[in-house]
Each structure stands twice: as structure tokens, then as C-alpha cells.
Amino acid sequence: MLGKDMKIEEQNAQYVQEFLDNEIVRLGELIEEYKANVKVMGEDFNMDNPNGGMYSGMELTEIHHEMEKQFLYSEEAARDIYFFKKLRNAPYFARVDFKGDNARKEKTIYIGLRTLQKHDTFEMLVCDWRAPIASLFYEDFEDKAFFKAPSGEIRGDLLLKRQFKFEKGKLKYYVDSDLKIDDDILRDVLSSSSSKHLKVIVNSIQREQNKVIRYTDNENLLVIGPAGSGKTSVGFHRLAYLLYQNRTELSSAEIIMFSNNDIFSSYVADIIPELGEMPINYSSFYNIFAAEIPTVQVRDYYSLAESIINGDSIRSKSAGVKLSRAFVDFLEADTDICEPEFSDITLYGDVIFSKEALLERFLSDTENSQKSRGERLAAYIQGVVDEYFINHREEIYLHIDADSEIDEDTAKLFRAKRRDVKQNATEMIKAAILVDPIAVYFRLLEKYAEEINCPELLNTKASLDKGYLEFEDALGVVYVKSVLGMSAVLSGVKHILIDEAQDLSYIQHKLILKMFPRARVTLLGDTNQAIISQLNTTSKEELAEIYNAKILTLNKSYRSTKEINSYALKLLPEEKRYEIFERSGEEVKEIGGNIDEFKNAVKEMAQNSPSTCIITRNLNEAIEVYNQLKAEIDGLRICDNKSFELSHNPIVMPLALTKGLEFDNVIVYSKDGAFRGEENKKYLYMASTRALHKLIVFAVN
């Protein structure tokens, strides 16, 4: 590294940091100006309008709108100040020098989390990592370099690719790389201790990850990659990229991220704001669909997962059928055979439209849902009633007032009577088609159980007597509601990110399509982690087919050390193994001992880093381990399916809750052979791949 170049880079860093300092001051002054403007508008309003009523409605609306604008500008400036203070510690992370084929001279572009540009001279100090030209940093070029600009493809020569390492605002070093992001910096990023959140990875995005982030050729995208390939981080960076590229068409408020639990949602909630965007919406799938059945309590995914992991063969078989494509197809085909019980529509003893005719017309409308059929039938009957009143006007007048001449009061009563008949008919039709989806579901379930000779399907029906629905039955009920047109349709959501997509069953994916008809979807999945075949979607081809999604694959695992990755790979069939990043660490330990020796191993590990997780086979074991260790491990916490966020302290968790999470150290608690044997390799694989730096598999005697 030449001293002259280092001095130039230090001077540039200082120049950009001075710009940030000036911007922070300028924005602070703007905030005070906005506040003063609001104060003046309020004072003027009180002076001009001391007793109220002096302004028209339109004038009041304009004043309110102007004050809201000032508040909005103030909030935006405050967010910029917060972000610029963070940027001051590391204003950019890369530089590329590029000379376009038709350009007279080369361009130097510094790349960071956000565009930094002078307001007066429009000098570009830092380019946003999502800008088209920034892709030069992430791509490798065998021949001419190029990037895709709005005006078309720009080709030229990439003269320099440089990476920077800042530490507390000081430029620590830089590395020049001809082909790819330098492994030294990548190792540096990966070896740092984990925190509560996944890392923002803009300074270490690899070529295959960059392709996923910037992919726009198809509406829906399925990203398949092994544990540690950066799927989740890449998924969030993709959202930030889409927000950047589609400012007028997509906002953070129109995006939702689905996970299977609230813990993971809180774990990743800060990534989008760290990338300079407003927060998106987060939800577990459970929260969305459970709200569709407000009359009963709904058991969650983990209650079912625990049952299957613990060896409940009857429920395992039942759930496998209820969440299958065949059962979904059956519900789709047979739900609409529910025949409502209509009543005759009558007036003064005469039948205007018989219940038989109503049912015949209702059943003939085979192209629409139950709800839509009812609405269409009600609209038709409104017309029938109008026509009847027109054709029988004189008779109806006589019924209204037989002894008097027709006058204005009689006409009013005529119109009121017609309105009442139409309203009563509409209410009757609504009531008739308002079926109980729970009753419909179990009636169909009984029919299906008989068809396939599987009485085990009906075992969970007993839960209703206790006031709750099991997870697999609740999904079926919501699906019945959707077919009947009774479930929510959330058209305001324009993009969905689904993490651990393989964990959602076929019926869950179909419900997402029904409930979010306008949304494009990014799915992140790893079929190696589809460890519960009865609940999970185990085929990437099936996932892609459901959403008509393009498949992009991440082939390399970066998260864990070479030793941990090598250990995990041996647990997979050879055809499912993947590449690993060469970052050396401690050897994986497989040891055994009594509970006291286990406690000592946990103590030693927790002293090394508070980011330590003890993974058990199930929740009962997690409670047992927690009770044995809580007096001896300072700050130890337990995490169950009711937890909303992770602790910064050492933690005990059942296996099913650890999906997507990472910890510096992991110790797998294996009691009574819980993780031994061929059939348990899939569980041990998932537990092992949660560890970044240190892994112990401890068989407790």
C-alpha cells in the first residue's frame, strides 16, 4: 500500500466527513425553521380567528395540510441526521475507477450506504450501493466491464476496485482487488462477534448474492441456498434495492415480511432502517391467519412441530394429509357445495320469488365464490322486486290504502314498502349464505377421511370441545373461508418477503396467494432444512410452481467456520452438499458426560461470548436444562414460542425455534440419544448450522 495513495484516501475521507458534519448542522437549522414555521402559523391562526368560525372549511384544510408538511419535513430531516451521524463512522466502503468506451476521462466513484451529494454544486461524493454504476464493485468481468443504466448498457474499462475498512471514523486500511471482493475483508466481516441483528452486508456482497439482490426479470423470485449463504440478509438487501428502484410505485408500508415466529421478526427488524429505508411490516404467518378465526383459540405451528419431533405418529400422519396438496384440491372443489336455506320472498301473501327458485339461481352461478354468489343474487332480486312493484302498482296501492284515493302519502308508503321488501330480501340472503366455516371444514374433513379411509384425521376434532383449534385444522378452516369468499383480501400489500419458505406447507402458500392477490413475492428457502416433511414444502420445484417464480441459487456457505461447515456437511446426503468458505476456527467437539460436566462446558462457552445458545430437541428438555443451569449461568434465559425477542444473554432454545438465527457459540444438548442415529441427522444439521465460531455436541449420560 503506497503512502501517497493512503494520504489521498485519508484526505477524501476527511472531506466527506466534513460534508456530513456540515449537513448535520444544516439539517438541525432546518428543523428549527420548520418548528418556527408551525409556531407562527398557529399564532397567526389564533390571532385571525379568536372566536372560531372565521375560516372556511377549505382554508382550514389548507392550513392543516401546510402544518403537516412542516412536521413531515422536520421528521425527514431528523432521520437524515440520525443516518448521517452513523455514516460519519464509515461514510463509504468501496471505490471503483471506470472509463466508459465513449468517455473522455475516467470516473472515480465512492460507494456507500447512501448517496451523498452537495446541494449547491451537485458534486457526487458517495454513490448509493443500489445505483446501477455501483454494480461494477460486485461483479467480476472477464472482458469489458459494464453496468445497466436507464439509457442502456454502459461498457468500458474497470481500472480500479478498492475496498476500505473504517474503524470509529478513521480509515484503517484499504485493499485493491482486480477480480472480487477481497477474502481478507470478508473474513474480517464474518469473524466479528454476532449481535442481536443480522449484519448489513453491503461491503461484502458476493457476485451470486448481488445477482439475487438486483434481479428484476420476473415478478416472483425463489432464492435457494444452504445455511449460512446469506439468504436472509440478501433478501432484505433486495427489498432495499426494490425500494430504491421503484420510489413512485413501492413504499416500505406496502411490504410485509413473513416468518414462522415473532422472535425472528424482532431479530431482523433493524436491517431495512440500517440501509436507510423506512421500516417495513413484520408478521408471523400465524398472526395473519389466526385473526381469521376470532371465535376460538388457535394453536400455533410449534405445538404441532413439537408433537411430530417428539414422535406422535398419529398426529404426524393426520397433519401430513391435512396440509397436503390433495386435501387442498379437495377443499377447493367441495367447499362450494354448501346449500344455503333460503325463504320465500313474499308480499301480502303472494310469493314474489320462491325459495326453490332462489336456490336454483344460486347454485347455477358456478363461477363465483359463496359470498359473491350471494351478492349477485341479492342484486338480481332487487331488480325482481322493483319490476314486481311496477307491474302490481295498483294492487299494492289498494293494500296500502283501500278506502282512499291515491295521493302523495300513498306514494310515499308505496316506496317505503318496496324499500322494506328489498332490504328484507337482501338480509335474508346474507343470513342464508353466512355459513360457519368451522362446521363446513369438519363436515368436509369427515367426508375426506371416509374417502381415503383415514379415521386419524378426526382425532383433533376433540380440541373444539376445549375451545381451540389445532394448527393444521385452523389452516383448513381459513382455506374454507377463502373459498367461500369470507376471508380478508389485503390488496394494499405489494411485496412479500417469506423467509424459511420451505417451513410453510402447501396450504399456507396457497392462502398467501389468495389473501395477497396483488403482491409480488421473494421467497428464501433451504430444502435441507425442511426437516419436518409433514409440515414443510420439501421441493424447490414445487415452491417455484406455486408462485410461478424464477429460481436463483446461492451455492456457498459463508456464516460458519470451515470446521463447523465441514461437520454439518457430513450430516447431509452427498448430492445435497455445497461449497464452504475457508475461514478456520476451532474443531467441533463431540463429547459426553454427566450433567455437572455439561454445566461446566456451558459455563466455559458462555464466558467466551454471551452470544451462546443451548439447543435442545424439544421445549420440555429446554425447560429442564434451564432449571438445572439458571442458578449457575449468569443471565441465562429460556426462549419458547411465546417469546418476542432474543436476549443478549446466554439462551436455551428448543430446536424448532432456532430457524434463521445465528450465535457465536452453540452447544447441542443430546440426552437419551436425542440427536443420534440416521433418522436424527436432519435435526443435528439444523442445530449445528446455527453456530458461527464454536460448536459442541454434548451427549448427557
- Task: Examine R299 relative to F471 and say whether NZ or CZ is less than 6.0 Å from the centre of the six-membered ring and inside a 45° cone about the ring axis.
- Result: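 No cation-pi geometry.
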- Message: With side-chain hydrogen bond (donor to acceptor under 3.5 Å, both in side chains) as the criterion, how do Q508 and S505 come out once you've worked through the C-alpha distance, each side chain's angles and the decisive distance to 0.1 Å?
- Response: CA-CA 5 Å; Q508 287 171 277; S505 57; 3.0 Å; yes
Got a donor-acceptor contact below 3.5 angstrom from the [X] side chain to the [Y] backbone?
{"X": "T689", "Y": "M686", "value": "yes"}
{"X": "K556", "Y": "E579", "value": "no"}
{"X": "S670", "Y": "G673", "value": "no"}
{"X": "N627", "Y": "I623", "value": "yes"}
{"X": "S560", "Y": "A691", "value": "yes"}
{"X": "T658", "Y": "L655", "value": "yes"}
{"X": "T527", "Y": "A530", "value": "no"}
{"X": "Q502", "Y": "D526", "value": "yes"}
{"X": "S307", "Y": "S303", "value": "yes"}

- Tested for side-chain hydrogen bond (donor to acceptor under 3.5 Å, both in side chains) against R315, the lone hit among E472, Q534, E456 is E472
- Item | Intermediate values then yes/no, side-chain hydrogen bond (donor to acceptor under 3.5 Å, both in side chains), E587 and Y567 | CA-CA 9 Å; E587 290 293 334; Y567 178 85; over 6 Å; no
Does [X] reach the side chain of [Y], with side-chain heavy atoms less than 4.5 Å apart?
{"X": "K447", "Y": "E451", "result": "yes"}
{"X": "F442", "Y": "D473", "result": "yes"}
{"X": "I651", "Y": "F663", "result": "yes"}
{"X": "H495", "Y": "L242", "result": "yes"}
{"X": "Y669", "Y": "E624", "result": "yes"}
{"X": "V625", "Y": "F598", "result": "yes"}
{"X": "R559", "Y": "E662", "result": "yes"}
{"X": "M257", "Y": "V268", "result": "yes"}

Side chains of [X] and [Y]: is there a donor and an acceptor less than 3.5 Å apart?
{"X": "R617", "Y": "N680", "result": "yes"}
{"X": "N594", "Y": "N701", "result": "no"}
{"X": "N548", "Y": "N220", "result": "no"}
{"X": "Q206", "Y": "Y138", "result": "no"}
{"X": "S533", "Y": "T538", "result": "no"}
{"X": "K322", "Y": "T460", "result": "yes"}

- Distance (rounded to the nearest 0.5 Å) between N665 CG and E586 CD: 8.0 Å
- Please walk me through it: do H693 and T561 pass side-chain hydrogen bond (donor to acceptor under 3.5 Å, both in side chains)? CA-CA 6 Å; H693 308 307; T561 63; over 6 Å; no
- Output, in order, the C-alpha distance, side-chain angles, deciding distance and verdict of ring pair (Phe, Tyr, Trp, His ring centres under 6.0 Å) for F327 and Y448. CA-CA 8 Å; F327 186 57; Y448 194 70; 5.0 Å; yes
List, one per line, each side-chain donor-acceptor pair under 3.5 Å for residues 629-636, sequence neighbours excluded.
| from | atom 1 | to | atom 2 | distance (Å) |
| --- | --- | --- | --- | --- |
| E632 | OE1 | K603 | NZ | 3.1 |
| E632 | OE2 | K599 | NZ | 3.2 |

- From CA spacing to verdict: side-chain hydrogen bond (donor to acceptor under 3.5 Å, both in side chains), Y685, Q529: CA-CA 8 Å; Y685 168 79; Q529 293 187 65; 5.2 Å; no
[X] atom [atom1], over 12 foreign heavy atoms within 6.0 Å:
{"X": "K211", "atom1": "NZ", "result": "no"}
{"X": "I452", "atom1": "CD1", "result": "yes"}
{"X": "R325", "atom1": "CZ", "result": "yes"}

- Message: Over 60° means perpendicular and under 30° means parallel, so tell me whether Y547 and H509 are parallel, tilted or perpendicular.
- Response: perpendicular
- Picking from F516, Y282, Y301, Y286, what satisfies ring pair (Phe, Tyr, Trp, His ring centres under 6.0 Å) with F258?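 That would be F516.
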